[in-house]
Amino acid sequence: MHARSYNFGAGPAALPGPVLDRIAEDLAGARDDGPSMLEASHRSDAFGAVAERAEAGLRDVMGIPDHYRVLFLQGGATLQFSAVPLNLTSEGSIVDHVVTGVWSRRAADEAARFCRVNIAADGSAGGYAAIPDPDSWALTPDAAYVAYTPNETINGVEFSFIPDTGLVPLVADMSSSVLSRPIDVSRFGLIYAGAQKNLGIAGLTIVIVRDDLIGSPRPGTPTILDYGSMAAAGSMLNTPPTFAWYVAALVIDWVRAEGGVAAMAERNEAQKDRLYTAIDASEMYENRVDPSCRSWMNVPFQVAGEAAEAFLDEATGAGLLGLRGHRSLGGMRASLYNAMPDEGVDALVDFMAGFEQRRRAGAGEAAAR
Ligand SMILES: Cc1ncc(COP(=O)(O)O)c(C=O)c1O
């Protein structure tokens, strides 16, 4: 029996222990104190306070300037692939997309339904193992925006810099990197992120958008996809995902209590260093991403010698869960979101070393027979 389990899943993903405890306490206490957050009306004072706390907390922890709106929406990051062009383009607009992996590719494909898309750079020829040099990007001077994905959750490729797009608004899908390290929000026109990795649970999508970019959606844009209408209604034009919003408020409180995004970054950097160092030092595991752009949050790796299924079986037995790589890539993927404790990474690294040793010993015995 293992002492406890660790969830390395890419999303939905691990929640911080204190957040889970708090949810359990709140639910248990609710019968006496009024409706729980699973039941409360989004128009109630209790939920209103939660919603306000979530926004104020996020503004504080990310340093979001006053001239940005923060929206709490539904539909996942995937719906933003459409909502962004519907809100930020007009007839005949061209938009630039930097393609560095599966998610930025999908965003570009979806945008092409609404406007002309210029693929300014494409890392697919190199198997998405590196970020094309910004000097080689074919940017359009009068593009409506430049879109990119700072962290590619599937390919494990992450930008260590914010691209300079001059006056052209920069749009970032931060689904798997939001709150993982400090960023200068004022460099972006729009940031969106599904909540189910670093912000809580599935069902909620955060959009942070500069004021001047909202208010002129494409004709025919559904009202709930119009950022201006949603901002005017406090993200409550219709029934919002109340429970996911409440969990996000708790996660944001937790990040602040832990020392904010800078403290998250320090822990995340140390954790990913520990795992990549172990992978690089071994003969059994391999991460194929260029070291200059290896993800802090999602670490894909291959296991040599057709040992992947045995690795997964034994890891699961050891309480190391959610390590199966994305179906499009195979292999393994360890996601090290903010909620991953250091002990989880220690347990994974120890397990990997032990597994390699056992396989080697087994191969040695077979050769001697
Ligand atoms: C970077 C990125 N973008 C978009 C998505 C799609 O998000 P959703 O499932 O919330 O639509 C994901 C999901 O993992 C992701 O990692």
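Heavy-atom basis, side chains included; hydrogens, waters and symmetry copies ignored. In listed order, ligands and their atoms are each counted from 1. Position 1 is the first residue of the sequence; numbering continues from there. Keep in mind that this is a model prediction, so the values were computed, not measured.
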| note | For atom 13 (C) of ligand 1, the closest protein heavy atom turns out to be Trp103 CZ2, 3.3 Å

| task | Answer yes or no for Glu152: is there a heavy-atom contact with ligand 1 below 4.0 Å? | result | no

| Min side-chain heavy-atom separation Asn198-Met174 under 4.5 Å | no

| said: Could you check whether Arg4 pairs with Glu343 (Lys NZ or Arg NE/NH1/NH2 to Asp/Glu carboxylate O, under 4.0 Å)? | reply: no

| Nearest non-hydrogen protein atom, atom 1 (C) of ligand 1 | Thr153 OG1, 3.3 Å

| Proximal atoms of ligand 1 relative to Ala77 (non-hydrogen, under 4.0 Å) | 4 (C), 5 (C), 6 (C), 7 (O), 8 (P), 10 (O), 11 (O)

| task | Can you establish whether the number of heavy atoms outside Asp313 located under 6.0 Å from its atom CG is more than 12? | result | yes

| query | Going by an N to O cut-off under 4.0 Å, is there a salt bridge joining Arg360 and Glu356? | reply | yes

| message | I'd like to know if Asp173 and Arg106 make a salt bridge, using a cut-off of under 4.0 Å between side-chain N and carboxylate O. | response | no

| For atom 11 (O) of ligand 1, the protein heavy atom that lies nearest, with its residue and separation | Thr78 OG1, 2.5 Å

| Numbered atoms of ligand 1 (with element) below 4.0 Å of Gly76, judged on heavy atoms | 10 (O), 11 (O)

| Where ligand 1 meets Lys197 - atom numbers and elements under 4.0 angstrom, heavy-atom basis | 13 (C), 14 (O), 16 (O)

| request: Answer yes or no: is there an ion pair linking Arg181 with Glu158, defined by an N-O contact shorter than 4.0 Å? | output: yes

| message | Taking distance alone, with N or O pairs closer than 3.5 Å, would you say Asn151 contacts ligand 1? | response | no

| said: Can you classify the ring geometry of Phe351 versus Phe311 as parallel (below 30°), tilted (30 to 60°) or perpendicular (above 60°)? | reply: perpendicular

| task | Could you say whether the N/O atoms of Asp173 and ligand 1 ever approach to under 3.5 Å? | result | yes

| query | So, Gln271 side chain and Met340 main chain: donor-acceptor pair closer than 3.5 Å or not? | reply | yes

| request: Compute the shortest N/O to N/O distance between Ser176 and ligand 1 and return yes if it is under 3.5 Å, no if not. | output: no

| field | ligand 1-proximal atoms of Arg106, by part, heavy-atom distance under 4.0 Å | value | neither

| remark: Looking only at protein heavy atoms, what sits closest to atom 10 (O) of ligand 1 is Gln196 NE2, 2.9 Å

